[in-house]
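Protein chains get the first letters and strands the later ones, always in sequence-line order, with residue 1 at the start of each.
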6 protein chains.
Amino acid sequence: MSDQWIESLLTDDVQQGYELAIKLSRMGVKYTQPSDAERQKMRPEYAGNASDLIASSHVIATNFQTVAAANNYWKK
Amino acid sequence: MSDQWIESLLTDDVQQGYELAIKLSRMGVKYTQPSDAERQKMRPEYAGNASDLIASSHVIATNFQTVAAANNYWKK
Amino acid sequence: MSDQWIESLLTDDVQQGYELAIKLSRMGVKYTQPSDAERQKMRPEYAGNASDLIASSHVIATNFQTVAAANNYWKK
Amino acid sequence: MSDQWIESLLTDDVQQGYELAIKLSRMGVKYTQPSDAERQKMRPEYAGNASDLIASSHVIATNFQTVAAANNYWKK
Amino acid sequence: MSDQWIESLLTDDVQQGYELAIKLSRMGVKYTQPSDAERQKMRPEYAGNASDLIASSHVIATNFQTVAAANNYWKK
Amino acid sequence: MSDQWIESLLTDDVQQGYELAIKLSRMGVKYTQPSDAERQKMRPEYAGNASDLIASSHVIATNFQTVAAANNYWKK
């Protein structure tokens, strides 16, 4: 994957940081399954499965720890 | 999702911090499955499933680590 | 949930800290499934299931990291 | 559980620290399923199941992070 | 495994750091299942399975925490 | 288990650190299932199962966080 998709872990505020954590989580899936078509095909499966949704939120939480630490928790 | 749903990781006390961790955990699900109707439909499934409840508590625990660190563990 | 169930992450010793981690882990379940009757009904299921017990211990370990850090590992 | 089973997170060396992490992991199971007989009954189940063994090692790893940090990684 | 496959956790930027986290995650699989043929055989299984993809992203997130901390979050 | 199998978390370089994380992960399994014969019997099961391999890599990643922190990320 040669595209540049991230430049920095710093964000303006908490919510942008959380959304960056989501992006990081999705990229982990994308690097493992690069086909957009294949990933789209699985969407109904996990989007309608409680265990998968909880697991997705866990991955985001893990990445959010990293982003939040990088931003020193957005403390002024 | 354009709505602002979080402004800060700082809370007045531990319990509010824990409840913010719950909110973060739920938002991870919501970003992945944005349909309120779909999420409501799954509620009986995971709310009555021990493994899903334990997994939910794990996500909350992970987010609570972030919130607690941001608040320096609410030490005076 | 309007009841105050936690005031502080500080405890007198390691064991109380571990027990607080257990409480935090249980509250994560309780917020997701608030019905005492429903949770009681699931008890035999997870208390007799090795995978669920291991997962429960994992949640406690995650919360214990937070409590232990808050208490600076109970070092004098 | 009124017995005192842990006094300190400090250990003399790395291996004792790892073994303390194992104890913490087992106590998480014991608090959730206090019956010795019930836990013994499950032993063949998880001790012969690769997924459960891997999950057990994950819990130990999580607790070992806490014990290792408490001991400042046993650096002189 | 006698080959040298990693020299340093330091990378030039965030994206290279994320890609190093992917490499670390794959090496964890490779040390456990060293046969290239066996791993290739499993590829369609996990690359087409939402739960496995989410779990893969979780491993990457965990390694990314390490890489990001090593690089002090690429702050100038 | 009375044998001494670990003396220190410090290693000469990143790769030795990663390999120590693998050893820690395997010891977590070994303490739970001490029989070499039983563990060998399970090997084909998990070495041919994508979910188990991903979970193994997750345990290694968790232990690698500890080893990397102990070594201050092998920064000079």
Side-chain angles (χ1 to χ4, degrees), chain A residues 1-11 16-18 20-75, chain E residues 5-6 8-33 35-76:
Chain A
M1 216 173 287
S2 57
D3 290 348
Q4 191 76 20
W5 55 272
I6 188 166
E7 305 259 333
S8 166
L9 290 174
L10 303 183
T11 67
Q16 287 182 20
Y18 193 84
L20 181 56
I22 293 173
K23 181 174 191 173
L24 286 162
S25 305
R26 290 184 180 161
M27 291 308 292
V29 171
K30 192 169 179 175
Y31 274 96
T32 313
Q33 174 49 275
S35 155
D36 289 347
E38 288 297 320
R39 290 199 316 282
Q40 281 306 316
K41 226 164 55 182
M42 277 177 272
R43 219 196 115 67
E45 179 190 332
Y46 67 80
N49 180 284
S51 306
D52 284 344
L53 287 172
I54 296 165
S56 298
S57 187
H58 205 166
V59 182
I60 295 166
T62 305
N63 279 314
F64 185 56
Q65 289 190 332
T66 308
V67 176
N71 286 279
N72 196 27
Y73 306 99
W74 298 275
K75 289 179 197 170
Chain E
W5 55 271
I6 188 165
S8 165
L9 291 174
L10 302 183
T11 68
D12 287 343
D13 58 32
V14 181
Q15 186 160 328
Q16 287 182 20
Y18 193 84
E19 289 169 356
L20 180 55
I22 293 173
K23 182 174 191 173
L24 287 162
S25 306
R26 290 184 180 161
M27 291 308 292
V29 171
K30 192 169 179 173
Y31 274 96
T32 313
Q33 173 50 276
S35 156
D36 289 347
E38 287 297 321
R39 291 200 315 282
Q40 280 307 315
K41 226 164 55 183
M42 276 176 273
R43 219 196 115 68
E45 179 190 332
Y46 68 79
N49 179 284
S51 306
D52 284 344
L53 288 172
I54 295 165
S56 299
S57 187
H58 205 165
V59 182
I60 295 166
T62 305
N63 279 313
F64 185 56
Q65 289 190 332
T66 308
V67 176
N71 286 279
N72 196 28
Y73 307 99
W74 298 275
K75 289 180 197 170
K76 308 286 142 138

Inset, instruction - Could you have a look at E/Ala69, E/Ser56, E/Ala50 and say which one has the most heavy-atom pairs with chain A under 4.5 angstrom? - result: E/Ala50

Legend entry - Contact origin within A/Ala21 toward chain E - heavy atom pairs under 4.5 Å: neither

Legend entry - Min side-chain heavy-atom separation A/Gln4-E/Asp13 under 4.5 Å: yes

Inset, instruction - Tell me, for A/Ser8 versus chain E, whether the close heavy atoms (under 4.5 Å) come from the side chain, the backbone, both or neither. - result: backbone

Inset, instruction - Against chain A, label E/Ser51 side chain, backbone, both or neither, depending on which of its atoms sit under 4.5 Å from a heavy atom there. - result: both

Inset, instruction - Output the option from A/Val67, A/Asn71, A/Asn63 having the highest count of non-hydrogen pairs under 4.5 Å with chain E. - result: A/Asn63

Legend entry - Structural part of A/Glu45 lying under 4.5 Å from a heavy atom of chain E: side chain

Legend entry - Close side-chain approach of A/Lys30 and A/Asp36, heavy atoms under 4.5 Å: yes

Legend entry - Check: E/Lys23 and E/Ser25 side chains under 4.5 Å, non-hydrogen atoms: no

Legend entry - Test log, rule side-chain hydrogen bond (donor to acceptor under 3.5 Å, both in side chains), inputs A/Tyr31 and E/Glu19: CA-CA 9 Å; A/Tyr31 274 96; E/Glu19 289 169 356; 2.6 Å; yes

Inset, instruction - Name the region of E/Ile54, side chain, backbone, both or neither, that has any atom closer than 4.5 Å to a heavy atom of chain A. - result: both

Legend entry - Side chain / backbone / both / neither for E/Ala68 at chain A, heavy atoms under 4.5 Å: side chain

Legend entry - Residue pair E/Trp74 / A/Leu9, side-chain heavy-atom distance below 4.5 Å: yes

Legend entry - Nearest heavy-atom neighbours spanning A/Gly28 and E/Ser57: CA-OG, 3.6 Å

